[in-house]
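Below is one structure, written out as structure tokens, with a few remarks after it.
Everything numeric in this text was worked out from a predicted model, so none of it was measured.
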Amino acid sequence: MQHKTETKTILQKENNFSEWYNEILKRAEILDIRYPVKGVYVWYPYGYKLRNLIYGILRSLLDKEHEEVLFPMLIPEKELMMEKEHVKGFEDEVFWVTKGGSTELDIPLALRPTSETAIYPVFKVWIRSHRDLPLRIYQIVNTFRYETKHTRPLIRLREITSFKEAHTAHASRADAEAQIKKAVALYKNFFDQLAIPYVITRRPDWDKFPGAEYSTAFDALMPDGRAMQIATIHLLGESFARTFDIVYEDKDGAVKFVNQTCYGISERCVAAVISVHGDDHGLVLPPEVAPIQVVIVPIVFSSEGKSAEVEKACFVVCEELKKAGIRAFLDNSDERPGAKYYRWEMKGVPLRIEIGPRDLRNNRCEFVRRNDFKRMQVPLCDVVPEVERTLKEINDCIYERAKESFFANIHKSEGAMEGLRRKGIVSLFLCESERCGKEVEERLGVNVLGEAVYEDEDEEREKGEGGCVICSKEGKRVYVARAY
RNA sequence: GGGGUUGUAGGGUAGCUUGGUCUAUCCUUCGGCGUUCGGGACGCCGAGACCUGAGUUCAAAUCUCAGCAACCCCA
């Protein structure tokens, strides 16, 4: 029997997601997981480009109403410890800097697990008047958490490298709540652009962000049927304002606490793009975020003596595409075409253009779509508009496919909870008590995601009413799922 | 949180039980040269590793302990 090497083996996403995921990160050159510290990884150039394109979308959405800032990574112990509830939620997973050289520091410094306690003391200084409000800032930074559970690249990290956190301060609670709605809309827009389906839920009271009044979260569905939180949005109200004494003088001269929100997205959004769209051949990237949108593969034969012509045609096509603002790449390497196909399929390039002598004789080239391997012939003079059209089509196709498998895995349960399937997301009736929530989690081996948040009233009515599956008291329809 | 498995070249393995002239092998790994090129080419030449530390011993890839790291299962 012939020994098969790793890189040639076809990976199976559905049967063994975990293995698929790790292999894809390596083979598609997203992350190098060989760094010798638990839970921290190295971004390859290709992966980093993907990351930056994804965060570019996020930035452009945020920049409309937020300003980007950069706060320090070190937080003094006293500031970190100020908000009691907040501390409780994080204290077990804080990394501490306790020495400078061989000298013990008088004041231990925390590596930020999140930046509330770094930012809000400065908010106190920045905010004086109602004219300073609303204040809306964000930063994209690394944060550190001493995770004790099993770490996983992009998903559960000790160093989150790409934590986008927004922090806002408002004059009134109503303004803060309006900001929550805007943030939800912004995140919807973001994940829609990434073609990632999600559910939005209000997290149960006993599982909200430490220090928040309530938390709203986006969850995507991974191929193994587990939910993954990909975004969170918190109404902080006045709690941090009271702790850090963030006040402003209102029009009438009264001194009032600000109302705050914060909301974040980490590189889990990259994990979602990879996991939701990828297939057994590798990545399938939405054209919008693909580092290379079109790869051109020349088909050359030294014997035919036509390689010069072919190479020239490829070069011309590539230049035209670049001029049109398309990220095109001409693969001139001296590998055989087949090897190139596999490589670029693994890397998720949405569209491949092949040009060989046979095509040149007919003044055309061939398109092959990454998502479904559909092949088509295109006249050379139409390449640019056809590429633009096809990329759009590819985006629509992968979004449709993602939605299809997403909704196929969301189930409604009307009755008791016994016999519920453990794959996918299930909605059932549950009261608000922590005891019942925990019992459901334990008995079903799931996490309670929370009550569905809908925008329009029709969907709201759809939820219906029912008794809690545990205690039979009045319950609300909540989503549960095994979660990352 | 609990349990288990594992660490040998870029990747995959053998060697460990029973310590000894201990290194070896495969690859689509890397480098060079040539022939090739419409779905993972081939030939020749060459390169590259025993996780870290301590212990046992005349002698450790092999045995013991610790650390670090990876993977799997249960909660």
Side-chain angles (χ1 to χ4, degrees), chain A residues 1-11 15-29 31-42 44 92-93 146-159 224 226 279-282 295-311 313-314 330-347 349 351-362 364-370 372-378 422 438-448 482-484:
Chain A
M1 202 180 117
Q2 206 184 355
H3 179 72
K4 284 202 170 178
T5 60
E6 242 194 303
T7 48
K8 193 171 179 181
T9 321
I10 296 281
L11 291 165
N15 296 343
N16 193 344
F17 171 67
S18 208
E19 188 190 358
W20 178 91
Y21 182 74
N22 285 331
E23 278 295 317
I24 292 294
L25 290 177
K26 178 165 63 179
R27 294 195 202 175
E29 296 184 306
L31 280 190
D32 196 329
I33 62 173
R34 293 174 296 185
Y35 197 79
V37 178
K38 182 181 168 69
V40 312
Y41 309 94
V42 178
Y44 279 111
D92 288 339
E93 42 188 64
Y146 184 75
E147 294 285 353
T148 50
K149 284 186 197 163
H150 196 228
T151 52
R152 221 180 259 277
L154 302 179
I155 294 175
R156 176 164 278 116
L157 301 159
R158 285 193 169 176
E159 179 188 8
D224 58 359
R226 290 162 77 180
D279 65 19
D280 293 356
H281 288 254
V295 66
I296 299 156
V297 177
I299 313 295
V300 294
F301 297 88
S302 57
S303 50
E304 272 198 60
K306 295 222 172 180
S307 18
E309 263 178 67
V310 169
E311 273 168 38
C314 289
L330 170 55
D331 187 352
N332 260 330
S333 65
D334 56 8
E335 276 176 305
R336 296 160 71 96
K340 296 180 184 178
Y341 300 163
Y342 281 99
R343 151 152 334 110
W344 297 114
E345 281 163 12
M346 177 55 66
K347 291 202 163 184
V349 175
L351 184 62
R352 177 173 83 235
I353 298 181
E354 302 171 14
I355 302 178
R358 206 164 61 207
D359 300 304
L360 283 191
R361 278 196 290 277
N362 299 302
R364 58 161 209 230
C365 60
E366 293 190 29
F367 281 19
V368 182
R369 310 188 337 174
R370 170 63 183 89
D372 53 12
F373 301 104
K374 224 169 93 183
R375 194 174 269 277
M376 59 191 271
Q377 297 176 340
V378 175
R422 282 180 59 165
K438 292 282 187 202
E439 188 166 343
V440 165
E441 291 194 337
E442 205 153 300
R443 281 167 63 182
L444 287 179
V446 298
N447 290 76
V448 174
R482 290 188 68 195
Y484 271 93

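Using atom C1' as the reference point in both G38(B) and A70(B), the two lie 42 Å apart (nearest Å). Distance noted for atom P between C16(B) and C27(B): 23 Å (whole Å). Rounded to whole Å, the separation between the C1' atoms of U8(B) and U29(B) comes to 16 Å. The gap from the C1' atom of A14(B) to that of U6(B) amounts to 16 Å, rounded to the nearest Å.
Closest to the Y342(A) side chain, of the nucleotides G39(B), U36(B), C71(B), is G39(B). Counting only heavy atoms from C-beta on, F301(A) has its side chain closest to C37(B) among G1(B), G39(B), C37(B). Closest contact between the side chain of R34(A) and the listed nucleotides C71(B), G11(B), A41(B) involves G11(B). Nearest to the side-chain atoms of K38(A) among the listed nucleotides G38(B), C71(B), A69(B) stands A69(B). Nearest to the side chain of H150(A), among G1(B), G11(B), C71(B), sits C71(B). Of the candidates G10(B), G39(B), C37(B), the closest approach to any side-chain atom of I299(A) belongs to C37(B).
Counting any heavy atom pair closer than 4.0 Å across all strands shown, E442(A) reaches no nucleic acid atom. Counting non-hydrogen atoms under 4.0 angstrom, D359(A) reaches a base of the nucleic acid.
When Watson-Crick and G-U wobble pairs are counted only if both distances are under 3.5 Å, U23(B) pairs with A14(B). Base pairing of U28(B): no nucleotide in any strand meets the Watson-Crick or G-U wobble criterion (both distances under 3.5 Å). Both distances falling under 3.5 Å, in either a Watson-Crick or a G-U wobble arrangement, place G43(B) opposite C33(B). A 3.5 Å limit on both hydrogen-bonding distances identifies C74(B) as the Watson-Crick or G-U partner of G1(B). With a 3.5 Å ceiling on both atom-pair distances, G48(B) lacks any Watson-Crick or G-U wobble partner. Both distances falling under 3.5 Å, in either a Watson-Crick or a G-U wobble arrangement, place A69(B) opposite U6(B). Nucleotide C63(B) has G55(B) as its partner under the Watson-Crick or G-U criteria, with both atom distances under 3.5 Å.
Remark: the backbone N or O of S333(A) is paired with a side-chain donor or acceptor of K340(A) at under 3.5 angstrom.
To the nearest angstrom, C1' of G40(B) lies 12 Å from CZ of R352(A). We find that OH of Y21(A) is positioned 11 Å from P of C71(B), with the value rounded to whole Å. Note: CG (D334(A)) to C1' (C42(B)) measures 14 Å, nearest angstrom. In this structure, I33(A) atom CD1 and C51(B) atom C1' are separated by 16 Å, rounded to whole Å.
Enclosure of atom OH in Y146(A) is not indicated, since only 12 or fewer non-hydrogen atoms of other residues, nucleotides or ligands lie within 6.0 angstrom. Residue F373(A) places its CZ atom among more than 12 non-hydrogen atoms of other residues, nucleotides or ligands, all under 6.0 Å distant. D334(A) CG: 12 or fewer foreign heavy atoms inside a 6.0 Å radius.
Neither OP1 nor OP2 of C42(B) sits under 4.0 Å from any side-chain N or O of R336(A). Between C71(B) and S18(A), no contact under 4.0 Å exists linking OP1 or OP2 to a side-chain N or O.
Applying the 3.5 Å distance criterion, the base of G39(B) shares a donor-acceptor pair with the side chain of E345(A).
Taking the 5.5 Å centre cut-off and the 30° plane limit, the aromatic side chain of Y341(A) is not classed as stacked on G39(B).
The shortest distance between side-chain heavy atoms of R343(A) and M346(A) does not fall below 4.5 Å.
Of the residues R370(A), R375(A), K374(A), R369(A), the one that meets the side-chain hydrogen bond (donor to acceptor under 3.5 Å, both in side chains) test with D372(A) is R369(A).
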